[in-house]
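Structure first, commentary second.
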Amino acid sequence: MKTYEEIVQRYRKRQHDTVVDTLSAAVNWADDLAVESGLLEKTGLLTEVTTAVCGAVPFAAIAASEGLKMLVGKKPGKTAVKDGVFRMAKTGAALGVGTLVGGAAGVLAAIPAAMGVRALMDRYKSRALTDLRVRERTSRLSELNQQLRQGEEAPDALPERDAIASTATIV
């Protein structure tokens, strides 16, 4: 079992991903702000190129960071893909809501709306994973209780399914 310090260290590393995602999404908002304020004209080759590039930057940054973690060995490939898909979905939802709010209330209102969507999705995933862990551990405790009541000796090691469930990732 991991120590408290290891869990805190892993959590801090996870927050780094949020900063990278937020900064890369901010590039998209900076492009919108430049067009809205008149720094860039709404028509022309430069506007078309920057709009296309800035829209892809958040997703490219996510793919690059997850791929790097996989190559360095910090994550298995399957986990990196699942995490990357969730981060991209979260970024896409945040950009979509931000675009809607930006169109209705302006770019400055879009930034808190987009950040709120990301926070809500993170909270949902965290609660879903906690719920999964609690259900699996409750089931395991019920099995152990039943074995003890029947006079059987409790096993020394957890079955394979409990080890997998404790590290499961919900996408």
Side-chain angles (χ1 to χ4, degrees), residues 1-33 49-99 110-145 147 153-171:
M1 183 170 205
K2 292 182 179 180
T3 65
Y4 177 75
E5 289 81 18
E6 291 171 339
I7 293 170
V8 169
Q9 193 68 341
R10 183 174 177 209
Y11 180 77
R12 285 186 180 145
K13 286 180 183 176
R14 188 179 321 169
Q15 292 303 312
H16 173 72
D17 293 339
T18 303
V19 172
V20 169
D21 293 351
T22 303
L23 289 176
S24 60
V27 170
N28 192 16
W29 296 116
D31 175 56
D32 290 346
L33 184 61
V49 170
T50 57
T51 301
V53 169
C54 289
V57 166
F59 302 103
I62 291 168
S65 68
E66 291 297 332
L68 182 64
K69 289 176 188 176
M70 183 182 67
L71 290 175
V72 176
K74 289 185 176 184
K75 284 186 180 182
K78 205 174 202 179
T79 304
V81 169
K82 285 181 180 180
D83 290 349
V85 166
F86 179 74
R87 287 175 60 195
M88 286 183 187
K90 186 170 56 171
T91 298
L95 288 174
V97 168
T99 300
I111 294 170
M115 292 174 69
V117 167
R118 293 182 63 81
L120 286 173
M121 290 182 77
D122 280 338
R123 177 172 279 183
Y124 170 76
K125 182 178 180 182
S126 177
R127 288 187 179 180
L129 287 173
T130 301
D131 182 51
L132 177 66
R133 283 189 213 103
V134 168
R135 277 189 278 129
E136 288 293 323
R137 290 181 181 152
T138 302
S139 171
R140 179 67 183 141
L141 287 173
S142 296
E143 291 171 9
L144 286 172
N145 189 18
Q147 286 177 354
E153 190 171 312
D156 291 334
L158 293 174
E160 185 65 26
R161 70 175 182 84
D162 289 337
I164 292 171
S166 65
T167 60
T169 301
I170 295 176
V171 175

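No experiment lies behind these values; they were computed from the predicted model shown. Throughout, numbering of the chain's residues begins at 1 and tracks the sequence.
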Test Gln147 against Leu144 for side chain to side chain contact (heavy atoms under 4.5 Å, CB included), laying out the working first.
-> CA-CA 5 Å; Gln147 286 177 354; Leu144 286 172; 4.0 Å; yes
Rounded to the nearest 0.5 Å, the OG1 atom of Thr79 sits from the CE atom of Met70 at a distance of 11.0 Å
If every non-hydrogen atom of Gly84 is compared with every non-hydrogen atom of Glu66, which pair is closest and at what distance?
-> CA-CG, 3.7 Å
Residue pair Arg87 / Ser65: nearest heavy atoms and the distance that separates them | NH1-OG, 3.0 Å
Considering all heavy atoms of both residues, which atom of Lys125 and which atom of Phe86 are nearest to each other, and what is their separation?
-> CD-CE2, 3.5 Å
Pair Arg140 + Glu143, salt bridge at N-O below 4.0 Å = yes
Ignoring hydrogens and geometry, is there a side-chain-to-backbone donor-acceptor pair from Ser139 to Arg135 under 3.5 Å?
-> no
Closest heavy-atom contact between Ala114 and Gly98?
-> CB-CA, 4.4 Å
Pairing residues for Ala93 by the side-chain contact (heavy atoms from CB on, under 4.5 Å) criterion, not counting sequence neighbours = Val117, Met121
Side-chain donor/acceptor of Ser126 to backbone N/O of Asp122, under 3.5 Å | no
Working to the nearest 0.5 Å, report the span between CG of Leu95 and CZ of Phe59.
-> 5.5 Å
Distance-minimising heavy-atom pair for Ala80 and Lys75 | CA-CD, 4.1 Å
Looking only at heavy atoms, which two atoms of Arg118 and Thr91 are closest? And how far apart?
-> NH1-OG1, 2.9 Å
